[in-house]
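FYI, the numbering just counts along the sequence from 1. Read the numbers this way: they start at 1 and go in the same order the structure lists the ligands and their atoms. The figures that follow rest on heavy atoms only: side chains count, while hydrogens, waters and symmetry mates do not.
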Amino acid sequence: MKNNILLLTDSYKLSHYKQYPAGTSQIYSYFESRGGKFDYITFFGLQYLLKEYLAGQVVTQAKIDQATQLYAAHFGTDTLFNREGWQYILDKHQGRLPIRIKAVAEGSVIPTHNVLMTVENTDPECFWLSNFLETLLVQLWYPCTVATTSKAVKNLILDYLEQTGDPSLIDFKLHDFGFRGVSSVESASIGGAAHLVNFMGTDTVAALTFIQEYYQSNSMFGFSIPAAEHSTITSWTQDGELDAYRNMLQQYPEGLVAVVSDSYDVYHACEKLWGEALKDEILQRNGTLVVRPDSGIPKEVVLRVTEILGEKLGYTINSKGYKVLNPKIRVIQGDGVNYESIGEILENLAANGWSADNITFGMGGALLQKVHRDTQKFAFKCSCATVNGEDRLVFKDPITDHGKKSKKGRLKLILNDTHYQTVNQDEDGADLLQTVFENGEIIKEFTFDEVKNQANV
Ligand code: AOY
């Protein structure tokens, strides 16, 4: 049985329905980033979770029966599982979840410490369901964190392009190399799509079908080019390195082609092979050769490779006073690339007079895998409980870590001029949270074009 919602939770949640106060009719919870590495969150990925796991009739008799059996064995007793609660959802709501989810528009860029999403039950009998969904919904941390990292890198590269070159090149300055480095195909799909909220270059093919399927888009949102890997170069043997490179230029006589060039000696490859033996072929080629170093200290190797290629194939000085390689040649760095090393590489290039126009980055593990829920400290907390018909302001504020303090009451997100604020619903100001899900139905959908537009306002 695919995606049994009754099983997509932590074990302890199965016992929680008996733990709320008598008379509880609603649990209202919210999702936020309590800070972290970056100060702004790009919100992305909720629509996938809604479509894949929550929309439509997600409770069936077979799923209840499966859960009944599994939980009896798991807990060693059949008294814990809330069978009646789920049977009620099947019988009374045709298996559709009596839940309302409000959220900021997908692609929104919101300062940390603000409400991004709220979850509440719409049937008072189902007060226990709101936080049963926490486990699944908090997995939103992953696409939000990837989109946030990718956006931060975009702003970093844009700073250097504005200072040293052409900002219109930004869309292809960060290429996703991360498919092999993630823990699953599902993660590659989700994380790869999150990166494409900000950029247009990817080698993570799984992201493309994910966008088509979950973000209603028939057009293409990720692009790539022919590129070598070490096997296609080293199989010519070290003596055949020149022939391997010449073959690349001949097999792809037009457009962009990328060639990993560090199999033996990247400096020799740039100076003698690309820079002398193949110089005329590169200069006469109708396109751009992208040289890829793939080892060493990134900021040092990139600078030296750029200087060799500049000396051998030429460069011009742009209007901002920075050197730009001959348009027939560029550099791509994919080894050791993360937010910090990109800054170091661009700084070292600029300090030596080289424009950011010369380089593109490939980012793999640091984009899609070297992130965790605490990179941006995501949390889902109850802020209001209705008990005996009265709303209680609910919060936590541990003396052992006030950074974990949570918000109180029914929340909304407002924009005061340019300043986002989370306030109580009875205060003035238009709520930026929109209902996206109610009683099993998706109320508001976003296309990937809309997500991208929202992320770049
Ligand atoms: N791809 C730009 C196109 C892609 C890649 C993918 C791991 C590319 C390399 C390149 O130029 O060099 C996964 C490592 C590299």
Side-chain angles (χ1 to χ4, degrees), residues 146 149-150 153-154 157 169-185 187-196 198-210 220-236 241 244-249 251-264 266 269-270 273-274 278 282 285 287-296 298 301-302 305-306 309 325 327-338 341-342 345 356-371:
V146 174
T149 303
S150 166
V153 172
K154 186 174 188 174
I157 299 175
L169 301 174
I170 189 65
D171 286 342
F172 291 98
K173 287 290 176 188
L174 188 67
H175 200 93
D176 175 3
F177 281 13
F179 202 163
R180 69 190 58 184
V182 286
S183 61
S184 65
V185 172
S187 292
S189 304
I190 297 168
H195 167 67
L196 292 173
N198 302 300
F199 288 95
M200 292 170 67
T202 193
D203 265 29
T204 299
V205 176
L208 306 174
T209 47
F210 175 92
M220 180 50 66
F221 287 94
F223 300 87
S224 194
I225 60 170
E229 67 172 20
H230 287 100
S231 79
T232 69
I233 302 302
T234 55
S235 54
W236 295 69
E241 189 181 14
Y245 292 167
R246 185 183 292 111
N247 180 63
M248 288 298 292
L249 298 178
Q251 294 290 345
Y252 310 101
E254 298 201 326
L256 288 150
V257 60
V259 183
V260 65
S261 303
D262 76 323
S263 294
Y264 314 105
V266 71
C270 290
L273 306 183
W274 297 125
L278 298 168
I282 294 168
R285 198 172 160 275
T288 299
L289 167 70
V290 186
V291 171
R292 175 158 73 95
D294 196 39
S295 47
V301 177
V302 167
V305 160
T306 305
L309 295 172
L325 287 169
K328 303 287 181 179
I329 189 103
R330 288 289 181 266
V331 176
I332 184 167
Q333 174 71 22
D335 180 58
V337 168
N338 54 45
S341 70
I342 288 173
I345 293 164
D357 291 6
N358 295 298
I359 189 158
T360 290
F361 297 96
M363 193 163 165
L367 180 66
L368 299 189
Q369 183 76 25
K370 257 172 106 177
V371 289

Ignoring hydrogens and angles, state whether a donor on the side chain of Thr306 or Asn358 is under 3.5 Å from an acceptor on the partner side chain.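 Side chains of Thr306 and Asn358: no pair found under 3.5 Å.
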Exercise for review: Could I get the full list of salt bridge (charged side-chain N to carboxylate O under 4.0 Å, His left out) partners for Arg246, not counting sequence neighbours?
Suggested key: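 Partners of Arg246 under the salt bridge (charged side-chain N to carboxylate O under 4.0 Å, His left out) test: Asp243, Glu281.
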Problem - Which residues share a salt bridge (charged side-chain N to carboxylate O under 4.0 Å, His left out) with Arg292, sequence neighbours left out - result: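 Applying salt bridge (charged side-chain N to carboxylate O under 4.0 Å, His left out) to Arg292 gives Asp294.
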**Under 4.0 Å from ligand 1 - residues by heavy atom, chain and number** =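 Contacts of ligand 1 under 4.0 Å: His175, Phe177, Arg180, Asp203, Ser224, Ile225, Ala227, Ala258, Arg292, Ile332.
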For the residue pair Ala193 and Ala207, what are the closest heavy atoms and their distance?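 Where Ala193 meets Ala207 most closely, the heavy atoms are N-CB, 3.4 Å.
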Check your understanding: Gly192 and Thr204: which non-hydrogen atoms are nearest, and at how many Å?
Key ->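 Heavy atoms only, the tightest pair is CA-CG2, 4.4 Å.
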query: Got a sec, which residues hit side-chain hydrogen bond (donor to acceptor under 3.5 Å, both in side chains) with Asp171, two or more places apart in sequence or on another chain?
result: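 Asp171 satisfies side-chain hydrogen bond (donor to acceptor under 3.5 Å, both in side chains) with no residue once adjacent residues are dropped.
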